[in-house]
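Here the structure is a predicted model, which means the values were calculated and not measured. The figures that follow rest on heavy atoms only: side chains count, while hydrogens, waters and symmetry mates do not. We count ligands from 1, going down the list as the structure has it; atoms in each ligand are counted the same way.
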Amino acid sequence: MRVVIKEDKQMVAEWAAQYVAYKINHFRPNAKKPFVLGLPTGSTPLGMYAELIKLNNDGKVSFEHVVTFNMDEYIGLEPTHPQSYHYFMFENFFNHIDIQRKNIHILDGMTKDYAKECRNYELAIKEAGGIHLFIGGVGEDGHIAFNEPFSSLESRTRVKTLTESTIKANSRFFDGDLSKVPTMALTVGIGTIMDAEEVLILATGANKAQALKHGIEEGISHVWTISALQRHPHGIVLCDKAATSELSRETVSYFLDIEKNNF
Ligand code: GLP
């Protein structure tokens, strides 16, 4: 696992955007050979999306032949609901770049048949040839996408009931009103994420420090689902200094040293 530590969240955003652009450009995607990107929501990736929009508008990267799969979506929110992940993605990213609408995939939280929706999502990823780069955030309790503690590390796309801690954390987007936060979501599984060629997890702020400690320094465990990344051949945690505050000094200086000349 690589751990890339940057000074602050703006530098995390810039590094992430440069990395995504580099990966897309290096791949030289075309209509027959699109680059397949897994994408997260949440406050953490907002800076990266803003930087990617700039790079796109400046002609440094194109999303014309990029196919995207979002990680998750709340059950019961219309795509037009300002807190739905559909709305988030169009508002903060897709509306501002040259992506083709047909290349965007987001789970349908309004479906009547969850099992079918999840099955089809897995199939669509397979048909696209698999995900080249899956980007994720992490919850305070170490969850990636909506794979809450005790999710199977082999899990696939499915329905998840959200934990009280996630509902509480996400209530800040729902006027602080816990009763407005959906209690269930559709989410890709840990197995789905781990199938990607490369996984990049973004973490900023001291509230993510416990998750990084368990994910990086402790054993692989379904209690902290981020720890599954330890078994991925190309896993990267990209974080700011604040998020490393629970890591040992040795771990931090090891990664600062080994990554100093790397992209
Ligand atoms: C939600 C999302 C996760 C995200 C997490 C952290 O639970 N389903 O994908 O990583 O929130 O969000 P934030 O980046 O706002 O801390």
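For ligand 1, the atoms sitting less than 4.0 Å from at least one non-hydrogen atom of Gly137 are 10 (O), numbered in the order shown with element in parentheses. Shown in contact with Phe146 at under 4.0 Å from a heavy atom are these atoms of ligand 1, numbered in order with element: 1 (C), 7 (O), 8 (N). Atoms of ligand 1 found under 4.0 Å from any heavy atom of Lys208 (numbered from 1 in listed order, with element): 13 (P), 14 (O), 16 (O).
Salt-bridge check for Lys241 with Glu7: passed, with a basic side-chain N closer than 4.0 Å to an acidic carboxylate O. Between Asp113 and Arg119, none of the side-chain N atoms (NZ, or NE/NH1/NH2) sits under 4.0 Å from a carboxylate O, so this pair counts as no salt bridge. Of the charged side-chain nitrogens involved, at least one lies within less than 4.0 Å of a carboxylate oxygen, so that Lys23 and Glu198 count as a salt-bridged pair.
Residues forming a ring pair (Phe, Tyr, Trp, His ring centres under 6.0 Å) with Phe90 (at least two apart in sequence, or on another chain): Phe94.
With 3.5 Å as the limit, one finds a donor-acceptor pair spanning the side chains of Glu148 and Thr166. Using a 3.5 Å distance cut-off with no hydrogens or angles, the side chains of Glu217 and Ser248 do pair a donor with an acceptor.
The proximity of Ala145 to ligand 1, defined as any non-hydrogen pair under 4.0 Å, is limited to the backbone. For Tyr74, no heavy-atom contact with ligand 1 is shorter than 4.0 Å. Under 4.0 Å from ligand 1, the heavy atoms of Asp72 that appear belong solely to its side chain.
Residue contacts with ligand 1: Glu73 is excluded, as none of its non-hydrogen atoms falls under 4.0 Å. By the 4.0 Å heavy-atom criterion, Pro40 is excluded from the residues contacting ligand 1. Using a 4.0 angstrom heavy-atom cutoff, Glu140 does not count as in contact with ligand 1.
Residue Leu46 is grouped with residue Ile106 when hydrophobic side chains (ILVMFWY) are merged at heavy-atom distances under 4.5 angstrom, including chains of intermediate members. Residues Met71 and Leu133 fall into different hydrophobic clusters, defined by Ile, Leu, Val, Met, Phe, Trp and Tyr side chains chained together at heavy-atom separations under 4.5 Å.
Two residues are said to be in side-chain contact when any heavy atoms from C-beta on lie closer than 4.5 Å; Gln100 and Glu64 meet this criterion.
The nearest protein atom to atom 2 (C) of ligand 1, hydrogens excluded, is given as Tyr85 OH, 3.6 Å; this is a heavy-atom distance. Considering only non-hydrogen protein atoms, atom 4 (C) of ligand 1 sits nearest to Thr41 O, 4.3 Å. Atom 7 (O) of ligand 1 has its closest protein heavy atom at His143 NE2, 2.8 Å. Looking from atom 6 (C) of ligand 1 to the surrounding protein, the closest heavy atom is Val138 O, 3.5 Å. The nearest heavy-atom contact from the protein to atom 14 (O) of ligand 1 is Thr44 OG1, 2.5 Å.
Of the N or O atoms in Arg172, one or more lie within a sub-3.5 Å distance of an N or O in ligand 1.
For Phe134 and Phe69, the ring centers sit 6.0 Å or farther from each other.
The nearest non-hydrogen atom to atom 13 (P) of ligand 1, considering only Ala185, Ser43, Ala211, Ala203, comes from Ser43.
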